[in-house]
Each structure stands twice: as structure tokens, then as C-alpha cells.
Amino acid sequence: MHEQPDRVEQFKADIADMKITDPSASRDQLVARIGWVAMGAGLVLPLAAYLMSHGTTNPLAQRDAIILALLGVALAVVGGALYLRGALAGFLRFWLVRDLHERRVQTDRLLDARSEDPSPDAGAP
Amino acid sequence: MTDPILSARGLRAAYGPIEVLHGIDIDVPTGAVMAILGPNGAGKSTLLSVLAGLHPASGGEVTLAGRRVNGARADVLARAGLCLVPEGRGVFPNLTVQEHLRMVTHSGRRLSDIEAETYARFPRLAERRTQVAGTMSGGEQQMLALARGLATDPAILMLDELSMGLAPIIVEELYAQVVSIAASGVSIVVVEQFARAVLGVADVAAVLTHGEVAMVGPPAELEAHLSTAYLGAIVP
């Protein structure tokens with residue numbers, strides 16, 4: 001052990017200097033939710049643009065509707081990418097946890113097998 | 001006893017819609033050994049996960065050295081000196097003892113220093129230095145997990161079910177080490193299902209049942225009421 005007398009003071013100083021941010025898991029959820037909203041908006045906007053364009057003979061308003069519809073398409077694409085990013089991060093995190101769990105089970109299996117080994121070097125327990 | 005180095009106030013945590021901690025209040029005094037006891041499923045391991053920043057709190061607050069640390073990342077807390085030795089040891093079965101210790105050199109310490117300290121504390125690990133952890137006994141794996149945690153120079157050490165699956169003589173040996181670690185000034189939180197393993201070494205203990213603190217106090221006082229608390233947890 002190499003405990004210095006001022007270890008607790010050092011710890012307090014480190015904690016005081018620490019930058020605390022939101023946990024990344026909730027950030028992934030937020031990104032995925034923003035993606036969903038953007039995709040929803042991307043579907044609604046072209047529909048609104050169609051109604052806007054259909055309800056007028058004014059070419060200026062119809063061109064505005066085209067721009068609005070293109071904005072909707074862009075939003076849907078960006079939203080899709082954001083959703084994919086958030087969902088994949090969550091999935092990969094789950095995969096990592098699963099992998100760790102399997103490793104632990106494998107370790108337990110090895111230990112069980114070793115405890116059945118009657119050789120004197122088997123050790124406790 | 002001095003100011004608490006680690007506190008939880010009204011701490012809540014959930015797995016999806018199921019809440020498992022319903023407002024935990026605990027204080028870990030600086031330099032003390034605190035035992036957290038309770039029957040299986042009481043929320044002890046979840047409490048440690050939340051304190052270590054591995055699981056998000058859904059309510060309440062965690063304070064470290066007087067500062068609220070809700071939402072702090074586990075790696076940032078670990079770097080500051082909050083060390084968790086998880087249930088199931090968390091050693092890598094394919095790595096040797098020496099390789100496990102080399103992993104801790106990220107903190108800037110030399111491997112030779114870490115090895116010297118580790119082998120002085122756990123001579124049995126010196127005999128196993130080139131052996132892969134997966135082929136070592138449960139007690140040796142737990143020693144390795146403890147040694148790896150100690151090599152990070154922790155200010156707070158949290159031990160989850162240190163005695164799980166181990167022979168009583170090994171448990172006794174490990175808790176003797178815990179006492180010696182505490183004597184060097186490290187604050188320790190020990191979670192145990194089997195109270196007798198830890199009551200002798202703890203300065204203060206808390207009993208958790210159904211995600212709530214049922215009792216807090218000196219171990220000698222709690223020991224007499226433990227059965228009632230555990231049975232109270234079983235009988236609705």
C-alpha cells in the first residue's frame with residue numbers, strides 16, 4: 001500500500017475539479033429521440049408542402065412549398081442517421097455487457113471444473 | 001469519525017420501470033469501514049453501482065467529499081480514487097497475474113512498484129505471477145481483484161460480496177487484508193449478504209431490505225437485530 005497522508009485531501013481536490021457531464025447512455029437516448037422527431041418532421045413537411053402547393057395558383061407560394069418539401073426530405077435523412085447512431089450505440093453497449101456476462105459465466109465454469117480436480121495444487125475453495 | 005467522504009441522500013435507482021432503490025440515506029465516514037448488509041435482492045449491488053457511477057440514479061443525490069456527483073462518469077470517478085471491486089471479481093480469465101497488474105500502470109506507476117506492493121500483501125499471487133487468472137482458485141482471483149484495485153491508490157474502496165463462493169479460511173484471510181487496508185486510511189464500503197463475515201471488521205453497518213435502509217448503527221448493536229431485519233424482509 002502506498003497511502004500518503006494527504007490522499008483524502010487529494011481526493012477532495014480531484015472531486016472538486018471534476019467536470020460532471022450527463023451519462024453517455026442518456027445522451028444516446030436523446031440522440032435517438034431527436035432522430036425520431038426529425039424523421040417525423042421530415043414526413044409531415046412534404047405533406048404540408050403538397051397541400052400548400054395544391055391550394056394556390058401563385059407560383060411564388062408553390063416554389064416556397066418545393067423548398068419546404070426538400071427541407072423535409074433533408075430532415076428525414078439527417079433524422080434517420082441520428083436515430084441509427086443512438087440506437088447502434090445502445091445496442092453495442094448491450095452487446096458489451098452480454099460479452100462481459102458470458103466471460104464471467106465461463107470463468108465460473110472453469111472454477112467449478114478446477115474445484116472438482118482432486119490434485120493437491122487445486123487450491124481453495 | 002470525521003465528515004462523510006461518501007453520502008447518499010434519498011437515492012433512487014431503477015431498471016426500466018422497476019424501481020429497486022427507494023430513497024437510500026447513508027454516510028460513509030472518512031477512513032472507516034462501512035458494511036452494507038441485506039438479503040439477496042435487497043439492492044446492495046445496485047447501490048454500489050450507482051455510487052460508482054455505473055448505473056444512473058433516478059432520484060436523490062450522491063455526494064463525494066461534499067460535492068454532488070450525480071451523472072459523473074464511472075471512469076472519471078475511478079480516476080479520482082473511487083474504486084469498485086465488483087461481485088464475481090471481474091478478472092480477465094485469459095490474462096496472467098502480471099498482465100492484470102500491468103493494466104494498472106496507466107495510472108503512471110511502475111510495474112515493479114505495483115508488483116512489489118502486491119506480492120508483499122498477497123504472497124500467494126507472487127507464486128502465481130505467470131498463471132492465467134482463469135485457472136486460479138476463487139480466493140486467489142479475489143486477491144487479484146483486490147490487488148488490482150489497491151494498485152490504483154484508491155481513496156474509497158467498494159467491495160461487492162468479497163466472500164462469495166469462497167472457503168471460510170480464505171474469507172478470513174481477505175478480511176484481515178481489508179482491516180490492514182483500512183488502517184492505512186482508505187475508506188471502505190463492503191457489501192455482504194452474510195453478515196458475520198464482515199461485522200467484526202466494520203466500524204458502522206447499514207441493513208438494506210427491499211431497497212430501503214432498515215437499520216444503521218455500530219455492528220455490535222445491529223447484530224442482535226439482524227435476524228429480525230432479514231425475516232422482516234421475507235415476511236410481508
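Proteins come first, then strands; the chains are lettered A, B, ... in the order of their sequence lines, and each starts at number 1.
- With respect to chain A, the highest number of heavy-atom pairs below 4.5 Å among B:Ala133, B:Gly81, B:Ala120, B:Ser187 belongs to B:Gly81.
- Counting heavy-atom pairs closer than 4.5 Å to chain A, the top-ranked of the candidates B:Ala147, B:Ala80, B:Ala65 is B:Ala80.
- Rounded to the nearest 0.5 Å, atoms CG (B:Leu150) and SG (B:Cys83) are 7.5 Å apart.
- Looking only at atom types and distance, the side chain of B:Thr135 has a donor-acceptor partner in the side chain of B:Gln131 under 3.5 Å away.
- Proximity to chain A is limited to the backbone of B:Glu87, based on heavy atoms less than 4.5 angstrom apart.
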Got a list of side-chain donor-acceptor pairs under 3.5 Å for residues 156-169 of chain B, not counting sequence neighbours?
residue, atom, partner, partner atom, Å
B:Asp160, OD1, B:Ser45, OG, 3.3
B:Asp160, OD2, B:Ser45, OG, 2.9
B:Glu161, OE1, B:Gln193, N, 3.4
B:Ser163, OG, B:Glu192, OE1, 2.8
B:Ser163, OG, B:Glu192, OE2, 3.0

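- Within a 6.0 Å sphere centred on CZ of A:Phe11, heavy atoms belonging to other residues, nucleotides or ligands number more than 12.
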